[in-house]
Amino acid sequence: MLGAWLPAASACECGRLGLAEAAADRSSSPVGCGWFLGEPVALSSWPREAPGPHRGMDEGKMDENEWGYHGEGNKSLVVAHAQRCVVLRFLKFPPNRKKTSEEIFQHLQNIVDFGKNVMKEFLGENYVHCGEVVQLPLDFVKQLCLKIQCERPESRCDKDLDTLSGYALCLPNLARLQTYHFAEHRPILCVEIKPKCGFIPFSSDVTHEMKHKVCRYCMHQHLKVATGKWKQISKYCPLDLYSGNKQRMYFALKSLLQEAQNNLKIFKNGELIYGCKDARSPVADWSELAHHLKPFFFPSNGLASGPHCTRAVIRELVRVITRVLLSGSDKGRAGALRSGPGLRGPPICEASPFSRSLRCQGKNTPERSGLPKGCLLYKTLQVQMLDLLDIEGLYPLYRRVERYLEEFPEERKTLQIDGPYDEAFYQRLLDLSTEDDGTVAFALTKVQQYRVAMTAKDCSIMIALSPCLQDASSDQRPIVPSSRSRFAFSVSVLDLDLKPYESIPHQYKLDGKIVNYYLKTVHAKDATVMSTRFKESEDCTLVLHKV
């Protein structure tokens, strides 16, 4: 029954970290961590990671003053080096939760293995950067933690940086990408987008008809505003961005710029210049953003200032991002998923303001143009659609696996719940059958596919842009034009940690909460409007009858 999930013999290996090696690998990857101001960094003083958890970086080479706070999410925190194009990513835990150094090391190594053996296979090697596990001096980590504490958003301080194990991930700083053909006197512009789920559930296991009409993101907005997570509902709808229709994509990106929440950030020379730093942050100012962007899009000062300039700069930014998102030919194996169910149901979300505005104008919603198969959005959508059954159909299968593990707890390792995430694990994800044969093996396959799909639904896309020199014709990098300049660009994917197996019950409860709240609020409002109209009509009829 479970033979298909017996792992092939493998061992988690720590690779070596060296910026010289990263630079040498530059020719096959669009982003490298060993490049700064146009030259490969080959620093003999840079610490190297040994292939085991007991040796690490030289204590004399680490200075916390050379690192600065870069950002953080729910489970990790990132610091960036002031000069070198690298970041360190640390795990975070609640104050009362302790893990051993070996557990921390294995957790980080699993992140590396999953990115290398699964997501890189689906999305393409040029888009995915796995990093390396490094061991840091504990004194350096503690001093760094103290240094950055005042810069952390208050809403994120419920968890503490791991200062006990000394382990971290070293990754390229994609917000500070610099290459030798780029204009060194111009800062690098990076746009980070978290697009979220780009399709409406097609599973017959869905019990709420509304889920076949309105996407998860748009429904969740109502609950987030009600609970105080955000101040107002965003006009962004992921289905517009994933449509491939330029008009809808423009609308989606402008909506993100209007209400960024945690779905859009813009960096200039590695520094955050636009985006929501905290849930309580005020809405960012477009005129301030345009001031930062003007040197990129109007280097000759063709426009002075004012609202017209702001609109023109934002329009150029949106056009460039759209063109980049629709480009790409990096080879990945997501094509193996095309034989799956495919997109079903409406190609639009009924809650999308774009769709509503067209309906109010009496116009038909434009057909989904479709994404080019080589672009990253298309590949990401294919991986998202490994969620074949929706959480409603998946949860009973999760319970089947749970019952098996309760009876045979020693089988958890055999089932690869916690890794290793190797080639064999990847191959089993390609089984797109939905015919339940009642086995634990079938249930486990769907559970693992769901975890990978949820990872793709929550990933971030980083777009790095750099103005081209006049003689940049020899540059092998892709180029995207704007009205008055050209940009060399690269695209990468961030936040590719496999979603935890234990989070499935939470997702099931959250799904019900989101849908029920949306039905309660939206339909209650519609029912009130209809009731008022009916009452007015009834009153009028009575008056006429009496006359």
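Numbering of residues begins at 1 and proceeds along the displayed sequence. Because the structure is predicted, anything quoted here is derived from the model rather than measured.
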Output yes when a side-chain donor or acceptor of [X] lies under 3.5 Å from a complementary backbone atom of [Y], and no otherwise.
X      : Y      : result
Asp458 : Met454 : no
Glu132 : Leu169 : no
Tyr236 : Pro195 : yes
Arg451 : Leu498 : no
Gln449 : Asp431 : yes
Ser460 : Asp495 : no
Arg152 : Leu77  : no
Ser203 : Leu389 : yes
Lys213 : Cys349 : no
Tyr274 : Leu257 : yes

Checklist entry - Could you go step by step and tell me if Arg216 and Ile514 meet the side chain to side chain contact (heavy atoms under 4.5 Å, CB included) rule? => result CA-CA 8 Å; Arg216 163 72 172 259; Ile514 290 171; 3.0 Å; yes

Can you measure from [atom1] ([X]) to [atom2] ([Y]) and round to the nearest 0.5 angstrom?
X      : Y      : atom1 : atom2 : answer
Leu108 : Phe90  : CG    : CZ    : 10.0 Å
Trp230 : Asn263 : CH2   : CG    : 7.5 Å
Leu171 : Asn173 : CG    : CG    : 9.5 Å
Thr100 : Gln106 : OG1   : CD    : 10.0 Å
Ile111 : Gln109 : CD1   : CD    : 10.0 Å
His129 : Lys116 : NE2   : NZ    : 15.5 Å

A side-chain contact here means heavy atoms from C-beta on lying under 4.5 Å apart; do [X] and [Y] qualify?
X      : Y      : value
Met462 : Val493 : no
Val383 : Thr455 : no
Ser433 : Phe442 : yes
Ile193 : Leu253 : yes
Leu174 : Cys190 : no
Ile504 : Tyr395 : yes
Val112 : Val133 : yes
Thr380 : Leu123 : yes

Item to check | Phe122/Val452 under side chain to side chain contact (heavy atoms under 4.5 Å, CB included): CA gap, chis, key distance, verdict | outcome: CA-CA 11 Å; Phe122 278 137; Val452 175; 4.2 Å; yes

Of the non-hydrogen atoms in [X] and [Y], which two are nearest, and what is the gap between them?
X      : Y      : value
Gly393 : Pro396 : O-CD, 3.5 Å
Ala443 : Leu397 : CB-O, 3.5 Å
Leu405 : Glu411 : CD2-C, 4.2 Å
Leu241 : Met249 : O-CG, 3.4 Å
Met219 : Val515 : CE-CG2, 4.1 Å
Cys375 : Leu325 : CB-O, 3.3 Å

Checklist entry - Would a line drawn from the ring center of His70 to the ring center of Phe267 be shorter than 6.0 Å? => result yes

Cationic N near anionic O, under 4.0 Å, [X] to [Y]:
X      : Y      : answer
Lys446 : Asp436 : no
Arg412 : Asp418 : yes
Lys75  : Asp497 : no
Lys92  : Glu72  : yes
Lys211 : Asp390 : yes

Could you verify whether a donor N or O on one side chain and an acceptor N or O on the other, from [X] and [Y], lie under 3.5 Å apart?
X      : Y      : value
Lys224 : Gln221 : no
Asp511 : Gln507 : no
Thr207 : Glu392 : yes
Gln416 : Arg428 : yes
Ser243 : Asp240 : no
Gln427 : Glu423 : yes
Gln384 : Tyr242 : yes
Asn117 : Glu121 : no

Checklist entry - Do Ile314 and Leu289 pass the side chain to side chain contact (heavy atoms under 4.5 Å, CB included) test, and can you show the C-alpha distance, the side-chain angles, and the key distance before you say yes or no? => result CA-CA 8 Å; Ile314 296 298; Leu289 174 62; 3.6 Å; yes

Checklist entry - Do other residues, nucleotides or ligands put more than 12 heavy atoms under 6.0 Å from Lys235 NZ? => result no

Checklist entry - Does a sphere of radius 6.0 Å around NZ in Lys254 hold more than 12 heavy atoms from other residues, nucleotides or ligands, not counting ones at 6.0 Å or beyond? => result no

Next on the checklist: Just to verify, what does Glu406 make a side-chain contact (heavy atoms from CB on, under 4.5 Å) with, not counting sequence neighbours?
Outcome noted: Arg399

Item to check | Qualifying residue for ring-ring contact (aromatic ring centres under 6.0 Å, His included) with Tyr398, from Tyr404, Tyr508, Tyr501, Tyr450 | outcome: Tyr501

Next on the checklist: Checking side-chain contact (heavy atoms from CB on, under 4.5 Å) between Tyr217 and each of Ser234, Ser352, Cys197, which is the one that passes?
Outcome noted: Ser234

Checklist entry - Checking side chain to side chain contact (heavy atoms under 4.5 Å, CB included) for the pair Tyr518/Leu223: CA distance, chi angles, key distance, verdict? => result CA-CA 7 Å; Tyr518 185 80; Leu223 183 60; over 6 Å; no

